[in-house]
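Values below: every heavy atom of this structure, side chains too, minus hydrogens, waters and symmetry copies. Read the numbers this way: they start at 1 and go in the same order the structure lists the ligands and their atoms.
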Amino acid sequence: MRPDPQPALLSRREAARPIPTERDAPRDPQAPYLAPHLAPYLDAVRQGLLMIDRAGRVVAANAPARRLLDSLTVTLETDTAALPLLRALRDDTAPARRATLRALRRALARRQPVLFEVRRRDHTVQVELHPLAAGGWVVTLEDVSTRKATEARADAMARLDPLTGLPNRLLLRERLAEALERLARSGECCALLLIDLDRFKPVNDTLGHPIGDALLATVADRLRSTVRATDTVARIGGDEFVILQAGIRDAAGTQALARRVVDLIGRTYMVEGHLLTIGASVGVALAPEDGADADRLLKNADLALYRAKLDGRGTYRFFEPEMDARMQARRKLELDMRQALARREFQLHYQPQLQLASGTLIGCEALIRWRHPDRGLVSPLDFIPLAEEIGLIVPIGEWVVRQACRDAMTWPDPMSVAVNVSPAQFKSDRLVETIISALAGSGLPARRLEVEITEGVLLQENDRTLQTLHRLRELGVRVSMDDFGTGYSSLSYLRSFPFDKIKIDRSFVKDLTSKPDGEAIIRAIAGLGKSLGMTTVAEGVETSEQMQRIRLEGCTDVQGYLISKPVPAEDLRQVFAAFPQA
Ligand SMILES: Nc1nc2c(ncn2[C@@H]2O[C@H](COP(=O)(O)O[C@H]3[C@@H](O)[C@H](n4cnc5c(=O)[nH]c(N)nc54)O[C@@H]3COP(=O)(O)O)[C@@H](O)[C@H]2O)c(=O)[nH]1
């Protein structure tokens, strides 16, 4: 069969007709120029279909097209002129309408395809115009309401935290941008309160994630309950929340809110039968004075939060410009420290320890120094805390152990070397392997190495820490408890691990001559060491009188400026020569 030469939607007779004018157009809405035998097929198509002839008139429409136009409250009459019809497909909002009409006009003039959406309340119809090579247009209409609703729902979900239902970081940023824009117009202020939960991690780690999740949901409820409807509470990280306080006149209201947050979060929780206590640290930045854009405000609130944590947590701090300067200095120190190892800027000084009974030197404590290219010799007090915080203490500590073992190999046997080991090194899992490799690499016998730990080490993950200490002891390495008497539970730690040595903190030695109880404390510690079979070293001995008293109280060893200040490895030979050999 030969193909029909006529356009599919028109009968031969109809196609041969001249293009109707508005005046002579038939007015039967149910009878467009659709070939009757094709109508059922085209009516069954899901999309609406309109044909516009060269003269710009709608010459064919299927049933879905009519239905869709109906839903948009646009009446399609047979032989309607297309342009007014398209104009009637206006969006509800003026800017969208203008944009659509502009796009339409341009497309019609240039005979280019064009696609736009028409929204009427809960209806959205997508309209697409395709120019035909022979003149005229095909218009398709499609109801995209469901798809649009699904997209809108997904869009909303992408802006919410699924656990708490609070806005997430994305939505917070949008709200913050809106608030900052309003602020520029209205002269009002807004505040950003960055909230970090204190002691949340142990809850998660010890009781499991379901309890942690339930706790976070309750925290979210408490925060929601304490803000106004115009404020935004968001969750932007595991245990990080933000309150965007909008439309404030001064900082007093923000201060009251920050105080309320700290108090509210610090109250006890009952979660699935567990009585829990956590806390909150809050950093506050005000706009516009602390920043007129979202990034700066968040950064400054973070600096204030850092300060709140440094000041003991469970409190709030407002941003102050000096915080930024301090943070910059800290960042510079961090950058320099990261390079210091590779540039060999660290060095070890050694401070000898004297055995009182024999009068001989029995070993030295290794104390790190940093020879900074601009700042000169930097005290460990100025960089070890930061190195611990950022984890750099692990590689630095490794270097200390290796270097100390190498140096101690040059000293007379049985002189030992003591190295300070930080809590972070215990956490890293590498400590035992590092020590084994440092001993093997240097040839130093394990009995000549001593590890000094403080209470901070024993405070963390007790079982694992004790396991590590026992492994070191099995190797033959000695373990001593540093700064004894300064912590909360020094005594109880003596029961948890059989230390070889107790180092009495130098504050007790300082008090020896000035406070009446000074002597009694040193006597008690020395007695304790003796009964437990541990040696006792008094630190910070600066005068002969102190040494005399310490000897009388029963301490076995001393360390301090009286014997020698910490000196570089190359100066040790001189120090050793001043004392009798063991
Ligand atoms: N994790 C690591 N910590 C280390 C390392 N090296 C040092 N440190 C710790 O830094 C703190 C400060 O050390 P430093 O400035 O070296 O001070 C030590 C001595 O110089 C000082 N001392 C010794 N005798 C006296 C004295 O008679 N008077 C006086 N005023 N000070 C004296 O005491 C510090 C030794 O303390 P301790 O470690 O408790 O024995 C300090 O906490 C170091 O531990 C390192 O490599 N890793």
* Quick one: which ligand 1 atoms are inside 4.0 Å of a heavy atom on Val400? -> 46 (O)
* Looking only at protein heavy atoms, which one is nearest to atom 24 (N) of ligand 1, and how far off is it? -> Gln351 NE2, 2.9 Å
* Structure fact -> Counting from 1 in the order shown, the ligand 1 atoms closer than 4.0 Å to a non-hydrogen atom of Pro380 are 7 (C), 10 (O), 12 (C), 13 (O), 14 (P), 15 (O), 16 (O)
* Give the residue and atom name of whichever protein heavy atom lies nearest to atom 30 (N) of ligand 1, and the separation in Å to one decimal. => Glu542 OE2, 3.3 Å
* Asked: Are the aromatic rings of Phe346 and Phe383 close, with centres under 6.0 Å apart?
  -> yes
* Asked: Hey, does Lys503 sit under 4.0 Å from ligand 1 if you only count heavy atoms?
  -> yes
* Any ion pair linking Arg338 and Glu334 (charged N to carboxylate O, less than 4.0 Å)? -> yes
* To do: Evaluate the 4.0 Å heavy atom contact test for atom 39 (O) of ligand 1: does a protein atom fall under the cut-off?
  => yes
* Asked: Would Gly397 count as a contact of ligand 1 if the rule is a heavy atom under 4.0 Å away?
  -> no
* Asked: Which atoms from ligand 1 have a heavy atom of Ser422 less than 4.0 Å away?
  -> 1 (N)
* **Structural part of Glu365 in contact with ligand 1, heavy atom criterion under 4.0 angstrom** => side chain
* To do: Inspect the contact between Asp500 and Arg447 and indicate whether a charged nitrogen and a carboxylate oxygen are less than 4.0 angstrom apart.
  => no
* Under-4.0 Å heavy-atom contact with ligand 1, by part of Leu348 that carries it -> neither
* **Nearest-0.5 Å distance, OG1 of residue Thr410 to CZ of residue Arg573** => 7.0 Å
* To do: Could you list the atoms of ligand 1 found under 4.0 angstrom from a heavy atom of Asp483?
  => 39 (O)
* **Heavy atom of the protein closest to atom 11 (C) of ligand 1 (residue, atom name, distance)** => Leu381 CD2, 3.7 Å
* Structure fact -> Of all protein heavy atoms, the one nearest atom 20 (O) of ligand 1 is Pro566 CG, 3.4 Å
* To do: Not counting sequence neighbours, which residues clear ring pair (Phe, Tyr, Trp, His ring centres under 6.0 Å) with Tyr350? List them please.
  => Trp411
* Asked: Backbone, side chain, both or neither: what part of Glu539 comes under 4.0 angstrom of ligand 1, heavy atoms only?
  -> side chain
* Checking side chain to side chain contact (heavy atoms under 4.5 Å, CB included) against Leu305, which of Ile195, Val282, Leu194 comes through? -> Leu194
* Structure fact -> protein heavy-atom neighbour closest to atom 47 (N) of ligand 1 works out as Asn420 O, 3.5 Å
* Shortest protein contact, atom 31 (N) of ligand 1 (heavy atom only) -> Tyr561 OH, 3.3 Å
* **ligand 1 contacted by Arg369 (non-hydrogen, < 4.0 Å)** => yes
* **Salt bridge Lys299-Asp295, side-chain N to carboxylate O under 4.0 Å** => no
* Could you check which of Ile393, Leu367, Val541, Val421 puts a non-hydrogen atom nearest to atom 18 (C) of ligand 1? => Leu367
* Asked: With a cut-off of 4.0 Å, which atoms of ligand 1 are near a heavy atom of Asp482?
  -> 37 (P), 38 (O), 39 (O), 40 (O)
* To do: Measure the distance from atom 21 (C) of ligand 1 to every protein heavy atom, then report the residue, atom name and distance (to 0.1 Å) of the closest one.
  => Arg506 NH1, 3.5 Å
* Asked: Which ligand 1 atoms are under 4.0 Å away from a heavy-atom of Gly540?
  -> 25 (C), 26 (C), 27 (O)
* May I ask you to check if ligand 1 and Glu388 share an N or O to N or O distance below 3.5 Å? => no
* Element-labelled atoms of ligand 1 that are located less than 4.0 Å from some non-hydrogen atom of Gly560 -> 24 (N), 27 (O)
* Protein contact of atom 6 (N) of ligand 1 - nearest heavy atom, named by residue and atom, plus distance -> Ile368 N, 3.0 Å
* Pair Asp263 + Arg260: basic N to acidic O under 4.0 Å -> no
* Electrostatic pair Asp429:Arg464 at N-O distance under 4.0 angstrom -> yes
* Can you confirm whether something in the protein, heavy atoms only, sits under 4.0 Å from atom 15 (O) of ligand 1? => yes
* Residues two or more places apart in sequence or in another chain: which of them pass side chain to side chain contact (heavy atoms under 4.5 Å, CB included) with Ala217? -> none
* To do: State whether Glu389 and Arg330 are salt-bridged, where the test is any N-O pair (Lys NZ or Arg NE/NH1/NH2 against Asp/Glu carboxylate O) under 4.0 Å.
  => yes
* Asked: Any Lys/Arg nitrogen of Arg549 or Glu545 sitting under 4.0 Å from an Asp/Glu carboxylate oxygen of the other?
  -> yes
* To do: Could you please spell out the steps behind the side chain to side chain contact (heavy atoms under 4.5 Å, CB included) verdict for Ile368 and Ile384?
  => CA-CA 9 Å; Ile368 195 169; Ile384 291 285; 4.0 Å; yes
* Asked: So, are Glu553 and Arg523 salt-bridged, with charged N and O less than 4.0 Å apart?
  -> yes
* Asked: Hey, is Lys503 close enough to Glu365 for a salt bridge, meaning N to O under 4.0 Å?
  -> yes
